[in-house]
Structures are given as structure tokens and as C-alpha cells.
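Given the structure is predicted, the values throughout are model-derived calculations rather than measurements. First the proteins, then the strands, lettered A, B, ... as listed; each starts at 1.
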Amino acid sequence: MSFVEVSGFAKSYGGNTVFEDINFVLARGEFVTLLGPSGCGKSTLLRCLAGLVSLDAGQFRVEGEDITYAVPQKRGIGMVFQSYALFPNMTVSQNIAFGLKMQKLAAKVVASKVAEAIELVELGGKERAYPAALSGGQRQRVALARSLVVEPRILLLDEPLSALDARIRRSLRQQILDIQRRLDLTTIFVTHDQEEALTLSDRIFVMDRGRIVQQGSAETVYTRPANEAVARFMGNYNLLGPQESRLLLGLDIDGHLAIRPEVIRLFAADDVTPGLIPATVMHSQLLGNVVRYQVEAKGVALQIDCLNRRAADLLSDGNRVMLHIAPEDLQEIAP
Amino acid sequence: MATERYHRGVVYLLVVLLALPVLGTLIYSLSERWDATVLPHGLTLHWYTTLWLDDRFLMAFWHSLVVCLGTLLLSTILIVPAVFAIHYYFPRLDRWMNILILLPFAVPPVVSSVGLLSLYADGPISLVGTPWILLGCYFTIALPFMYRMLSDSLRVINVRELVDAAHLLGASTPRAFWAVILPGLRKGLLASLFISFSFLFGEFVFANMLVGTRYETLQVYLYNMRNASGHFTSALVMSYFIFTFALTWMAMRISRQERT
């Protein structure tokens, strides 16, 4: 039996479908990410799972128990909000203790659990601080500790890292993952950041226009996009229509061909190896360890990502090159 | 430099112009006699002691306090949960509420008094001449101040997510409101109560037309004492002024604290 079963979830507001036909199962301790662009319905789906928004249709079971209509207080679900939603009138300790006090636990038990939670998120020394006096990263950790201390069955994280700068985001991402692994906590993480999804998740559910369009491991979703929407969202794929495929590769296909920018290899313009395609560099962009080239080959625009090894290897606009695309790197996908 | 001096000059002139009548009234209320001379004759607290020993004045003061505090109690009980419910459950209503609360100001008090007089003079609910009708009228006056200030306070604290977070931690809605939302509203509520009180304490038209001497409030008393000694009424005006000034100052301090 699956730990979490979601079947037939649907929600609409005044005729506008937010999401529909949402089905998935989760194993205990699994870390799943709902990934998709803004407005695809992922945050509303999370709020429905938490019981904060009512469903139009569907069933939600946790450990076999049907909690579709249970109030948020009775679901055993913890949630970290995008804005953290820390209680501004309470100190760090009081915020973390709030859920325990609602369970009417003895003061000694509350104090010991709060101390453990503070240690878990490495906030020692900040017990008496108010949220207004904390940095974004510290607030995020208080929100995490507050959700974890009540020992929820499922943890929901609604874009908890989006308001933080890149360095803190990376370190907190790892911290969240460590805590999740240590507690073996079933977690659903919502984000629009593919890097976050790829680094954190056991499985990724890609959402587009209110539907889960693909679910699978990070590797599968990144290398084998199920359709055009996933390919566009993951990894800056080159998407070639039927006419472009014929022009560039001489292939007759009905749908689209997806080619990852990092699988296209560049060779010198005078290389005569059979199967190479002549191209011209139109524009280059240095992204640190990667150089992104926009090239034109047989009238088709392509994007190519190369490792930035040596300054001498960098190509300039107008340079002529040869391209190689291995047949196994071509993916035909549904529109 | 010259511009700054000019601006300072204008401000000082304005302060003098505004302070002059108050200062004149204060000196008049403290003088034994001030009629045919440029400067007053003798300083005395006689007018103040006469005023503060006058039973009728104390009763009017008490009536004003009862009506104002009663109104504010009623307003707090009704408006605070209403503002919370609107912001948490029906946020779209806020736009309509902002129009609705201004409606009482669209009708001049004299006009609405005439309507209220004919409605509540007799019949099933006869309220004219009782403080109850003032409670109702004053509620509509306090409503815009309280609604707007509380609404602003709630907007700052992101009610929805705070209550949702409290729900997920096991709190009921009333508990979430009491433990999480109300502390955030405290300063906004206090400031709006002080401002409303200052406003209501000086209300005259409704009090005079709907209740008059049957439940004499401070403003009606002041009006009825217009033929008494000028020194006495000056002491009355100054007492009233100092009282409302202190309240307004407290309200300003509280709202400044809230902003910081």
C-alpha cells in the first residue's frame, strides 16, 4: 500500500480550471517536487493537500486513511509557506512551541522538543529573537522547525527558498534535504526552479496548465521530456518542428525533435569527418563555467552549451564551425 | 537659505495664528476680569473650580463618557471580527466596505437627524431622547476610522497565511485570531479608538437634535451654557480642549509606534 494516494484531484474557480485529473502515489520518506511555471496550479494543489482550499473532486489518502474532507488541524500535515508566515508577535521559541501547545503537551515536553528543533535547524542563540530581527534564511529555518516539531506525516514546502539569495538558497537546500533524509519524512516541494527540483527530488512531477504532464526521476525528466512543454521548461531544449528536422537532419517526423544544448558537439570548420553539419556562430554568451552559443545551421537556429575550458577555445560571432549531433541524442516528442 | 527662512516664517506664523485663539481663551479662563482693558486683571482658578464642582457639568461629562465608551465597546465587538472575517474569508468585500463605510458622511448630520427623529420618535422602537440612539449614530461615525485603520493593520500582517499556518499547527480559527492576529491589531485598534473617541466626544449635532437635555452631553451642555459668564465657558472649552488634545496625542504616539 502506498503511503500517500492522490486520485482524481480537480479544482476550478468560476469556470477557470486550476488543475484537473491529478493522480499520484508516494512512498514513505519520498521527496517529490511539483515543478512548473507560475500559474500552473502547483501552489493551489499544495494548499488543497493541506486542506486550506477545498477540492471540487478527488480523493486523498494517507496511510490508507481518507482525509479528503478532514480539516487542516486533523491531517497531520506540516507546511512551510513562501512568506514563512511566522507569527510576528512571538519569539523564535514561541513560534516553534505554538503547535506543541495546541496539542496541550506538558511545558517540560514542549521545552525539550523546542530545544531539539532549534538544534536541528542550527538556530541556537536565537531563541528569544522576534522574526523581524532575523535574516531571510533564519526565518526560513524557524518556519521549517515549527513545521517539523509537531512531527507531521507529510511536509509541504511552498517555494520556501524563492525569496533568498543564491548562496543561502544552495546551503538551505542541502540542509532541507539532510533533515528530510534524517527524519525519513515524506515531502512535497513546490518550485518553479528546475535546478532546485533536480538536486532535491527522488521524483519530479512536472505540471503544465493544471495537469501533471510527466512524473519520473530527475534523470528521466531531464533527459527524456514527455512533451514539448516539459522540454521547454527543462534545460533549454532545442525544439525542431517537422520542417526544421528535414532541413537540418533530413529526417521526416510528425511531432517535434528535442535536442539538449549540451549534446551538440563543435568541431573546427575544416574538419571533414562524415556526418558533420556546417554552422555559423551568431552570438555567444559567457555563463561562467559554460559558454552558450547561438548558431545557425542550414537555416535552423540552435543553442549549444559548451564547457568553458580555455579562453583560447572561445568562438567569436561569425566564426564558422562544424556540428555533430549523435542519433541517440535526438528525441521525438509529442507536441 | 532665504527660502528656508521664508518657509520657517510661514510655519511660525501659522502656529501663532492657530495658537492665538487658544491662548486667548486660556488667559480669559484664568483671569478674574478682562473687559475694557488691554491686559486681564488678576489670575484665578475660580472658573475652573466652579466648573469642576458643577454637578450638571460633571453629569454631562459622565454622559459623554458613557455614550462614547459604549459606542467604542460596541464598535470593537462588531468591527474587529467583521474586518477579520472580510480579510480572511471574503477579501473581495473589502473594496465594497471601503465605499459603504463612507456613506454616513455623504448625508449631513442635520438631514439624517431629521430622518432618525421621524423614524424613532414613536412606534415599536422609540429611542429619541435616550442615549441608545446616540450609540447607533456614533457607531456609524466610528466605523470608517476603525475599519480603515484595522484594515490597514491586517493588510500589513498577511492574515491569510498566518491563520492558515496556525490552522496547520492545530489552532482553531478563534484561537488563531486571538493568539496570532489580535496582537498584531492591538496598536491599530488603540489608535483608532483614541481618534474615534476624540471625534465622538466633540459631536454636537446628533446629541442636540436627537437627545437634547434629556441626556445632556458635554457639547450640549456647552451650548446651553452659552449665556453664562465668558470666563466660565472659556474654562469649559479649555478643559475640553486639554482632554481631547491629550487623547489625540496618545493616538498619534501609538500610530507612530505601529509604523516603526
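Taking every heavy atom of both residues into account, A:Leu164 and A:Pro160 meet most closely at CD1-O, 4.3 Å. Taking each heavy atom of A:Leu52 and A:Met79 in turn, the nearest pair found is CD1-SD, 4.2 Å.
Residue B:Asp164 touches chain A through both its backbone and its side chain, counting heavy-atom pairs closer than 4.5 Å.
The OG atom of A:Ser162 sits 6.5 Å away from the NE2 atom of A:His192 when rounded to the nearest 0.5 Å.
No side-chain donor from either of A:Asp193 and A:Thr191 sits under 3.5 Å from a side-chain acceptor of the other. Side-chain polar atoms of B:Gln219 and B:Asn208 form no donor-acceptor pair below 3.5 angstrom.
Counting heavy atoms from C-beta outward, A:Leu45 and A:Val190 have side chains that stay 4.5 Å or more apart. When side chains are defined from C-beta on, B:Ile101 does not count as touching B:Met146, because their heavy atoms never get closer than 4.5 Å.
Per-residue heavy-atom pair counts under 4.5 Å with chain A were compared for B:Ala179, B:Ala171, B:Ser172, B:Pro183, and the maximum is reached by B:Ala171.
Interface residues of residues 81-96 of chain A toward chain B, defined by a heavy-atom distance below 4.5 Å and sorted by number: A:Phe81, A:Ser83, A:Ala85, A:Leu86, A:Phe87, A:Pro88, A:Asn89, A:Met90. Contacts from residues 128-159 of chain A to chain B, taken as heavy-atom pairs separated by less than 4.5 Å, involve A:Arg146, A:Val150 in sequence order.
Taking the charged nitrogens against the carboxylate oxygens, A:Arg181 and A:Asp202 do have a contact shorter than 4.0 Å, which makes a salt bridge. Here B:Arg8 pairs with B:Glu4 in a salt bridge; the nearest charged N to carboxylate O distance falls below 4.0 Å.
For A:Lys113, the NZ atom sits in a loose shell: 12 or fewer heavy atoms of surrounding residues, nucleotides or ligands are nearer than 6.0 Å.
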